[in-house]
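Sequence lines set the chain letters: A, B, ... in the order given, protein chains first and strands last, and positions in each chain run from 1. The shown structure was predicted, so the numbers you read here are calculated from the model rather than taken from an experiment.
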2 protein chains.
Amino acid sequence: MSARAIPEATVQRLPVYLRILVDMAGRSTTTISSEALAASAGVNSAKVRKDLSFLGSYGTRGVGYDVDCLIHQISRALGLTHDWSTAIVGLGNLGQALAHYGGFAQRGFRIAALLDVDRDLVGQRMAGLEVLHVDEIERVVKEEEIAIGILAVPERSAQEVADRMVAAGIGSILNFAPTLLSVPDHVSLRKVDLSIELQVLSFYEQRRQAEATLGERGQHGERGEQPEPT
Amino acid sequence: MSARAIPEATVQRLPVYLRILVDMAGRSTTTISSEALAASAGVNSAKVRKDLSFLGSYGTRGVGYDVDCLIHQISRALGLTHDWSTAIVGLGNLGQALAHYGGFAQRGFRIAALLDVDRDLVGQRMAGLEVLHVDEIERVVKEEEIAIGILAVPERSAQEVADRMVAAGIGSILNFAPTLLSVPDHVSLRKVDLSIELQVLSFYEQRRQAEATLGERGQHGERGEQPEPT
DNA sequence: TCCTGTGAATTCGTTCACAGCC
DNA sequence: GGCTGTGAACGAATTCACAGGA
């Protein structure tokens, strides 16, 4: 059966499968089984088959999935068949690191604008772009058709900048500031919070040290599923 | 009923509650209800109560929770009552940004070492530390009792460095490289993958544009739960 | 024979709803 | 009266297990 409503959990795994498949294609592999893909992705093969079945029936029984076909189907499902423009707001250490990170462009996310409040930064060139003042955000979002705003500003200004992004018409925000943002229902929001990651690791680290006696599970976190140490 | 086995999903939310509570304490708030905490955390109050109940019964019926008490209990549960030492391996754009990010130390995660393979970087000072060659990792992990390794190396060397961290005795790894790592069961692993975040946003962005007609849900992702735009 | 696709069973997480205590 | 703590109901995600096509 084809599509309609891909579950949240599946959406999060599709990019992982995609990366593996692109890698496979680069090695001239033409076909892959759910078992092999599952091993690379660190999940169980039934999950892979169920996930892929939400895209439609693109496998061949007794054989597996055609790598190129799957790449195409996943890309289509994720909306990666065309590029998206992004803007980075906040060019501190993290914002600059993001601006220079090549992995975005490579995966179809064009960094179309860099913005900051700091008058010393505005006007400078960075990663091939001129840094704009954050007050230009409304204009830039419209002119460059920015779909995704990347927020790398300090905690205290995060909400204000987010509000301006939303007002300017941005539909998706990736927030690196360690704060909870409020956005209207029609805006998608994801956050990356380094201290939360460390604190979660701390929990398991502590538990391991506290026990230091029983054999316990060691793979933790919805983001941390991993394959066998094979 | 007291503790034993805090669910994964709860562990991920405790740091969020903790941040809000610390903020509250800074504003001299002494007591908070599950309803208020839930509103700040962007979740529902039953979830807050259930989450907190895994730590024990520290609330007062008719009143709420004592802020300082909760801070203490959550910190204890997360293993934050003592500091943890971390090491950052890979000092490209991202590694440098992490090295200079103040939020770690502030939350009890001491950056005890910076390592890289690049001979030009080794020996330089950065964020108050001398950059060491990655070959020193075994010695440093032992001498500095590094608990958490932060991996900001390129994809191709991530597995190798992870293996060396594990061999050196590190129990937790936070991986920023866009690759799936294999580690033994007794090692905790979490990853932060920027392109996955963007691709998930792309999915919802595309769906929104494709529909552009029905009123649909806008808040997505296990990391992206958010409160009302109140 | 091999591997997909998927109902059914199970596990995990969330939400409801209320008894019990302040 | 207000708010916690928690069984019970519900829903989502995972895994099992196998029917059915290549």
Parsed dot-bracket for DNA chain C after applying the Watson-Crick and G-U rules with both distances under 3.5 Å and | for other-strand partners is ||||||||||||||||||||||
Starting at [atom1] of [X] and ending at [atom2] of [N], how long is that distance when rounded to a whole Å?
| X | N | atom1 | atom2 | value |
| --- | --- | --- | --- | --- |
| A/E35 | C/dC2 | CD | P | 13 Å |
| A/E8 | D/dT14 | CD | C1' | 16 Å |
| B/L70 | D/dG5 | CG | P | 9 Å |
| A/R13 | D/dA13 | CZ | C1' | 8 Å |
| A/N44 | C/dT11 | CG | P | 14 Å |
| B/K47 | D/dG11 | NZ | C1' | 12 Å |
| A/L52 | C/dG5 | CG | C1' | 11 Å |
| A/Y65 | C/dC3 | OH | C1' | 9 Å |

Between [X] and [Y]: side-chain donor-acceptor atoms closer than 3.5 Å:
| X | Y | result |
| --- | --- | --- |
| B/S34 | B/R49 | yes |
| B/R208 | A/S188 | yes |
| B/E205 | A/S172 | yes |
| A/N93 | B/Y101 | no |

Please set out all donor-acceptor pairs under 3.5 angstrom arising from side-chain atoms of residues 154-161 of chain A, sequence neighbours excluded.
from, atom 1, to, atom 2, distance (Å)
A/S157, OG, A/P154, O, 3.4
A/Q159, OE1, A/S182, N, 2.9
A/Q159, NE2, A/D163, OD1, 2.7
A/Q159, NE2, A/S182, O, 3.0

List, one per line, each side-chain donor-acceptor pair under 3.5 Å for residues 59-70 of chain B, sequence neighbours excluded.
from, atom 1, to, atom 2, distance (Å)
B/D66, OD2, B/D68, N, 3.3
B/D66, OD2, B/C69, N, 2.8

Could you tell me whether the phosphate oxygens of D/dC3, OP1 or OP2, come under 4.0 Å of any side-chain nitrogen or oxygen in B/Y58? no
Heavy-atom protein contacts under 4.0 Å, nucleotides 17-22 of chain D, coded B base, S sugar-phosphate only, - none: B--BBS
Under a 4.5 Å cut-off applied to non-hydrogen side-chain atoms, are B/L198 and A/R107 in contact? no
Nearest-nucleotide pick for A/S34, side chain only, options being D/dA13, C/dT4, C/dG13: C/dT4
For A/T29, give me all partners under side-chain hydrogen bond (donor to acceptor under 3.5 Å, both in side chains), at least two apart in sequence or on another chain. none
Residues forming a ring-ring contact (aromatic ring centres under 6.0 Å, His included) with A/F176, sequence neighbours excluded: none
Would you say the side chain of A/K50 and the base of D/dT14 hold a donor-acceptor pair, judged only by whether the two atoms sit under 3.5 Å apart? no
